[in-house]
2 protein chains.
Amino acid sequence: MDLEKSIAALNNPVRRRILEWLKDRSNFPPALPEHADLDGVCVAYIQEKAKLSQSTISNYMGQLKQAGFVVGERHGQWTFYRRHEENIRSFLAAFQDEMLKS
Amino acid sequence: MDLEKSIAALNNPVRRRILEWLKDRSNFPPALPEHADLDGVCVAYIQEKAKLSQSTISNYMGQLKQAGFVVGERHGQWTFYRRHEENIRSFLAAFQDEMLKS
DNA sequence: TCCATATATCGAAATATCTCGATATACCGC
DNA sequence: GCGGTATATCGAGATATTTCGATATATGGA
């Protein structure tokens, strides 16, 4: 858990908004029938909502993944990203600790 | 309370370390006798500990102040900075909310 | 195998941040 | 008012981030 890298990943409004969107799958278009059983959202849907280029969003998801806030799972040609709630919580705990603990 | 500006202010290891140091006055040299009753730490002491230039530290303290994490109180030629605990807590609450709230 | 689709990576231009030294401002004591 | 000290602001060079289009890689289907 690298606080430095985590904070840097969150120091961007679009990346934070993506993390918010990923709280609820219904923020995105419905999954294809063959993906109905899979968790997470593909890059193209995130891109469409964020209105930034494909390469930018792929890069952003890479940063969020490196920081541990999301996991990406490849299924065929698609990568499905979803939040890693445990890592998010432990980041927040560590951050709060640094900010408040005497 | 501007989450954007707050996170940017914290996206720097020295500024975060300064906030940590300010938790405890004894991280710095003792105050001058005539300042014994004052709270906070002068810029020069922070600069000495951070080992960065005076202008950089003044700039950093300005950013932390703009974000609401510290207050600066002028007494004569000195500005004494101290943490604004309430603002720090409410930032953390808002941030945690953005990160976790469904 | 060849083509189409989804994602990742590369290289670059625009912009922002970091950090400094120099200078300005504010205040104190003489 | 003048000189000295503490802090703030300015301008600039170095570095990092943002964001893009182009290209590479991976996969699935005809």
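Below, chains carry the letters A, B, ... as their sequence lines are ordered, and counting in each starts from 1. Values below: every heavy atom of this structure, side chains too, minus hydrogens, waters and symmetry copies.
- You can see that DNA chain D meets the heavy atoms of chain A within a 4.0 Å-exclusive cut from dT18(D) to dG28(D), reading 5' to 3'.
- Listed by chain and number, the residues in a side-chain hydrogen bond (donor to acceptor under 3.5 Å, both in side chains) with Gln63(A) are Arg15(A), Asn59(A) (sequence neighbours excluded).
- Across residues 28-52 of chain A, Cys42(A), Val43(A), Ala44(A) each have a non-hydrogen atom less than 4.0 Å from an atom of DNA chain C (numbered order).
- Between Arg15(A) and Gln54(B), it is Gln54(B) whose nearest contact on DNA chain D lies nearer the 5' terminus.
- To the nearest angstrom, C1' of dC18(C) lies 13 Å from CD1 of Ile18(B).
- The CZ atom of Arg83(A) sits 13.5 Å away from the CH2 atom of Trp21(A) when rounded to the nearest 0.5 Å.
- Taking a 4.0 Å limit (strictly below) on heavy-atom distances, residues 62-81 of chain A reaches DNA chain D at Gly76(A), Gln77(A).
- For the residue pair Ser58(B) and Ser55(B), no side-chain donor N or O sits within less than 3.5 Å of a side-chain acceptor on the partner.
- Partners of Asp24(A) under the side-chain contact (heavy atoms from CB on, under 4.5 Å) rule, at least two apart in sequence or in another chain, are Ser26(A), Asn27(A).
- For Glu34(B), the CD atom sits in a packed shell: over 12 heavy atoms of surrounding residues, nucleotides or ligands are nearer than 6.0 Å.
- Checked by distance alone, Ser53(B) brings no side-chain donor or acceptor within 3.5 Å of a matching partner on the base of dG21(C).
- A residue-by-residue look at Asn59(B) and Asn59(A) shows that Asn59(B) has its nearest nucleotide of DNA chain D further toward the 5' end.
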Could you list the donor-acceptor pairs under 3.5 angstrom formed between side-chain atoms of residues 64-80 of chain A and any protein atom two or more places apart in sequence or on another chain?
| unit_1 | atom_1 | unit_2 | atom_2 | d |
| --- | --- | --- | --- | --- |
| Gln66(A) | OE1 | Lys5(A) | NZ | 3.1 |
| Glu73(A) | OE1 | Arg82(A) | NH1 | 3.0 |
| Glu73(A) | OE2 | His75(A) | NE2 | 3.1 |
| Arg74(A) | NE | Gly76(A) | O | 3.4 |
| Arg74(A) | NH2 | Gln77(A) | O | 3.2 |

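- Side-chain N or O atoms of Ser6(A) include one that pairs as donor or acceptor with a backbone N or O of Asp2(A) at under 3.5 Å.
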Listing, residues 40-48 of chain A side-chain donor-acceptor contacts under 3.5 Å, not counting sequence neighbours, or none:
| unit_1 | atom_1 | unit_2 | atom_2 | d |
| --- | --- | --- | --- | --- |
| Tyr45(A) | OH | Pro30(A) | O | 3.1 |
| Gln47(A) | NE2 | Leu52(A) | O | 3.4 |

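- In the region residues 3-12 of chain B, proximity to DNA chain C at under 4.0 angstrom, judged on heavy atoms, holds for Asn11(B), Asn12(B).
- Partners of Ala31(B) by side-chain contact (heavy atoms from CB on, under 4.5 Å), not counting sequence neighbours, listed by chain and number: Arg25(B), His35(B).
- Judged as a salt bridge (charged side-chain N to carboxylate O under 4.0 Å, His left out), and not counting sequence neighbours, the contacts of Arg16(B) are Glu4(A), Glu98(A).
- Phe28(A) meets the ring-ring contact (aromatic ring centres under 6.0 Å, His included) test with no other residue; sequence neighbours excluded.
- Considering every non-hydrogen atom in both Met99(A) and Leu19(B), the closest pair reads CE-CD1, 4.2 Å.
- Within the structure, salt bridge (charged side-chain N to carboxylate O under 4.0 Å, His left out) contacts touching residues 51-63 of chain B (residues at least two apart or in different chains) do not occur.
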